[in-house]
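Data block below; observations after.
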There are 4 protein chains.
Amino acid sequence: MPKVTVEHRLARRAQIVAAARHCVIEQGFHKTTMADVIRESGLSAGAVYGYFRSKDEIVEAIADDALSAVGELFEDILAMPDPLPLGQAMRKVLDHVVDIAERPGGDVTRVALQAWAEAVHNPAIAAIAAAKWTPLRSHFAAIVRRAQAGGSLPPDADPDHVAQALFGLLPGFLMQRLLLGDVTPESYADGIDALLGSHPQR
Amino acid sequence: MPKVTVEHRLARRAQIVAAARHCVIEQGFHKTTMADVIRESGLSAGAVYGYFRSKDEIVEAIADDALSAVGELFEDILAMPDPLPLGQAMRKVLDHVVDIAERPGGDVTRVALQAWAEAVHNPAIAAIAAAKWTPLRSHFAAIVRRAQAGGSLPPDADPDHVAQALFGLLPGFLMQRLLLGDVTPESYADGIDALLGSHPQR
Amino acid sequence: MPKVTVEHRLARRAQIVAAARHCVIEQGFHKTTMADVIRESGLSAGAVYGYFRSKDEIVEAIADDALSAVGELFEDILAMPDPLPLGQAMRKVLDHVVDIAERPGGDVTRVALQAWAEAVHNPAIAAIAAAKWTPLRSHFAAIVRRAQAGGSLPPDADPDHVAQALFGLLPGFLMQRLLLGDVTPESYADGIDALLGSHPQR
Amino acid sequence: MPKVTVEHRLARRAQIVAAARHCVIEQGFHKTTMADVIRESGLSAGAVYGYFRSKDEIVEAIADDALSAVGELFEDILAMPDPLPLGQAMRKVLDHVVDIAERPGGDVTRVALQAWAEAVHNPAIAAIAAAKWTPLRSHFAAIVRRAQAGGSLPPDADPDHVAQALFGLLPGFLMQRLLLGDVTPESYADGIDALLGSHPQR
DNA sequence: AATGAATGAGGTTTCATTCAT
DNA sequence: TATGAATGAAACCTCATTCAT
């Protein structure tokens, strides 16, 4: 019984999550079997169950992980002293989504889509999704308020409603990218710019 | 019971699809078992397999069905002699989505979300999704061109890119409605209106 | 309710047996489903069950039919005024087996092999096999006795034992023909002739 | 129960094969269900499928096993310095067949008969049968060549043809023994001896 | 802590047979 | 007689999880 450090435990956990993510990216949550995860992780069944009590717990871990990815960016955007014009902010967000999708380890946006679908009938995943989306929309609302202050959006609009729409553009981007493959940050941002009535500002 | 009319066969098929849809709405594609569908349909296992060769085939049928629902509206919108202003067109589309979701028989948008997720690793569903989305986006592009002709959108914008964005608003609406529950056609359309060049045109 | 003649009934029965034989030749007794037989026969399920009470009854019918085929020849051989030399008799029998196998309608010897295997654990088929084999061996014994009378076989040998061996050559011929494909009546008869120690008499 | 020796695994495999053989001897390949094998083996479904990927694989294993049994003897016969007279060699072979049939564990010759029938429409089994029969016939051909050298068979006969006939006597022996029950190595060998034209040499 | 063989409930699908029309 | 849709028991196989070592 070797003593095991906390780092070791965390590394093992990450190893399992990575393996599971890999499987889920290729097969989805349900076609991915524990045997798949075990094989891919290089550990034994017993070991995996030493770190996660059930398959559901692993699913929640990779869902959490995938749903967190988009949120990261906003710290940066909101930390900027001069508020970005809306169009440029969206461009940055879309670039970030593609960046995430192309990270080594596999396209996490595929996992995110799985998680959204799963959330519909799995309360644990629904809770995770809500917990990730709510602050994300708040970030959009903050950006909207800045834009209103800067005069590029009507001051009487409800920032939460505008945030719904801005945030609402993301799933559609991600899904068209995944399923149709003909959408890029550029094309999508161009479309948004046209809607914004403003002339694209790069 | 031999010699059965075509209507009978179609009715039976619809009965099975309805039963399957009911199950999928509540449990998703994968937790729905054939036993569930069989019980819910009121038929026997053999009967169900007389109408569908496999569970996959049933899944494809309800996916097709769910992914078709949104498209229906556009015949109406595009048939109107006087082009709708963009904001109003989007409002109509969002109302339609809610209308679909509240139809008796269960919220089909939940099935649609399942189908999108499934499409990521199921080529048959991916094909269906692509087949349904492509004309839908074309409809949006047609609306965009009308708006450009009417001067409410910049004439140099690529209509296909704008259509990507407009169409891209729908999954986000649907998902926020399903998972957060605080989005309505009104709130979302208000947000879109604010984005639309700031001069809401109602 | 049209009146149906006896000939009609017999024709229908033969039609079903032919269809079933066709299936069994290609797939064996057990992989052949009633649906296969029904489709192949061109009749309806109900019709087929009007002529045979069960699949087992059909199986028995084609087994009987296949196990009868070899026996036909002996009437001819034994009716000959001048007894055939043993080697030539065997040659005639082997030719007959190939003749049967090549009849239109499919190679019945494949069915015979199925039936022998089935007889091991199916008393009805075992009874049929015994009923067909016993007279067949008697015919061989009769031939043996003629040969003994003619001096070409030791007079003190038990004709029944010799008949066992002669009859016993047939399954081996049939099986090597079916499974290895390198055995012909000529090659096999040559081998037998060599064993007969006698100088081949053609 | 992890970390299990190779012997353990082989023993388990043998346990499953024995259980399956037991079932097949009594019911044949097709009436034998996996549930039967599982029950008889004393293992669980999952355990059985841990050793064999499918029922077909189990069937192939017992077919291989059954078709191998007769071949064993020939090493002995051919190793003898003084070639056996043909009649005596056949007697030995027939005794060996009965010996095999009476081994504890059940009459494998019943399985062999199943396998021959199965081979007709199952390429995997056909391949096994061919692989087992070909060397067996070669052994017979070797015996024939010795007999020719010793003068007890005509030197101009094709040894392969004679081997076909000698080998061909076996299925007929086995089947008459199984289905009619009135054939013994003695009776059959007597019959063969009579055919050999030679006077029985015991 | 780690292993991985074993468990067994439960999944999908088939198929001989029936019976209302 | 004839039809063929319907039945439902039972087939094969999977897989999340456990636990003796």
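Lettering follows sequence order; numbering is per chain, from 1. Bear in mind the structure is a predicted one, so any value in this text is a computation, not a measurement.
For the pair B/Met34 and B/Ile58, the minimum side-chain heavy-atom distance is below 4.5 Å. Under the 4.5 Å side-chain criterion, counting only non-hydrogen atoms from C-beta, D/Arg9 is not in contact with D/Arg12. Side-chain contact check for A/Gln27 versus A/Thr33: every heavy-atom pair is 4.5 Å or farther apart.
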In dot-bracket notation, what is the pairing pattern of DNA chain F, taking Watson-Crick (N1-N3 plus N6-O4 or O6-N4) and G-U wobble (N1-O2 and O6-N3) contacts under 3.5 Å, with [ ] crossing and | for other strands? .||||||||||||||||||||

Report all side-chain donor-acceptor pairs from residues 38-50 of chain A shorter than 3.5 Å, counting only partners two or more places apart or in another chain.
| unit_1 | atom_1 | unit_2 | atom_2 | d |
| --- | --- | --- | --- | --- |
| A/Arg39 | NH2 | A/Asp36 | OD1 | 3.0 |
| A/Ser41 | OG | A/Val37 | O | 3.2 |
| A/Ser41 | OG | A/Ile38 | O | 2.9 |
| A/Ser41 | OG | A/Leu43 | N | 3.1 |
| A/Ser44 | OG | A/Ala47 | N | 3.1 |

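Straight-line distance from the CG atom of B/Leu43 to the P atom of F/dG4: 20 Å, rounded to whole Å. One atom, CZ of B/Arg12, and another, C1' of F/dT7, lie 12 Å apart when rounded to the nearest Å. Atom CZ of B/Arg9 and atom C1' of F/dA5 are 8 Å apart (whole Å).
For DNA chain E, the neighbouring residues in residues 50-59 of chain B, judged by any heavy atom under 4.0 Å, are B/Ser54, B/Lys55. At a non-hydrogen distance threshold of 4.0 Å, nothing from residues 17-34 of chain B comes into contact with DNA chain F. Applying a 4.0 Å cut-off to non-hydrogen atoms, none of the residues of residues 35-42 of chain D approaches DNA chain E.
The side-chain hydrogen bond (donor to acceptor under 3.5 Å, both in side chains) analysis of residues 53-62 of chain A, with sequence neighbours excluded, yields no pairs. Note on residues 106-129 of chain A: pairs passing ring pair (Phe, Tyr, Trp, His ring centres under 6.0 Å), not counting sequence neighbours, are A/Trp116-A/Trp133. Among residues at least two apart or in separate chains, salt bridge (charged side-chain N to carboxylate O under 4.0 Å, His left out) pairs with a member in residues 107-121 of chain B are B/Asp107-B/Arg177. Note on residues 21-33 of chain D: pairs passing salt bridge (charged side-chain N to carboxylate O under 4.0 Å, His left out), not counting sequence neighbours, are D/Arg21-D/Asp65.
A/Asp64 meets the side-chain contact (heavy atoms from CB on, under 4.5 Å) test with A/Ser68, A/Ile128, A/Lys132; sequence neighbours excluded. For B/His30, the ring-ring contact (aromatic ring centres under 6.0 Å, His included) partners at least two apart in sequence or on another chain are A/His30. Residues passing the side-chain contact (heavy atoms from CB on, under 4.5 Å) test with A/Ala61 are A/Arg13, A/Val17, A/Phe52, sequence neighbours excluded.
How far CG of A/Leu10 is from OG1 of A/Thr5: 8.5 Å, rounded to the nearest 0.5 Å. Rounding to the nearest 0.5 angstrom, the gap separating the CZ atom in A/Phe29 from the CD1 atom in A/Ile125 is 5.5 Å.
Taking for each of D/Gly46 and B/Ala47 the nucleotide of DNA chain E with the nearest heavy atom, the 5'-most of the two is the partner of D/Gly46. Taking the nucleotide of DNA chain F with the nearest heavy atom to each of D/Tyr49 and C/Ser44, the more 5' of the two is matched to C/Ser44.
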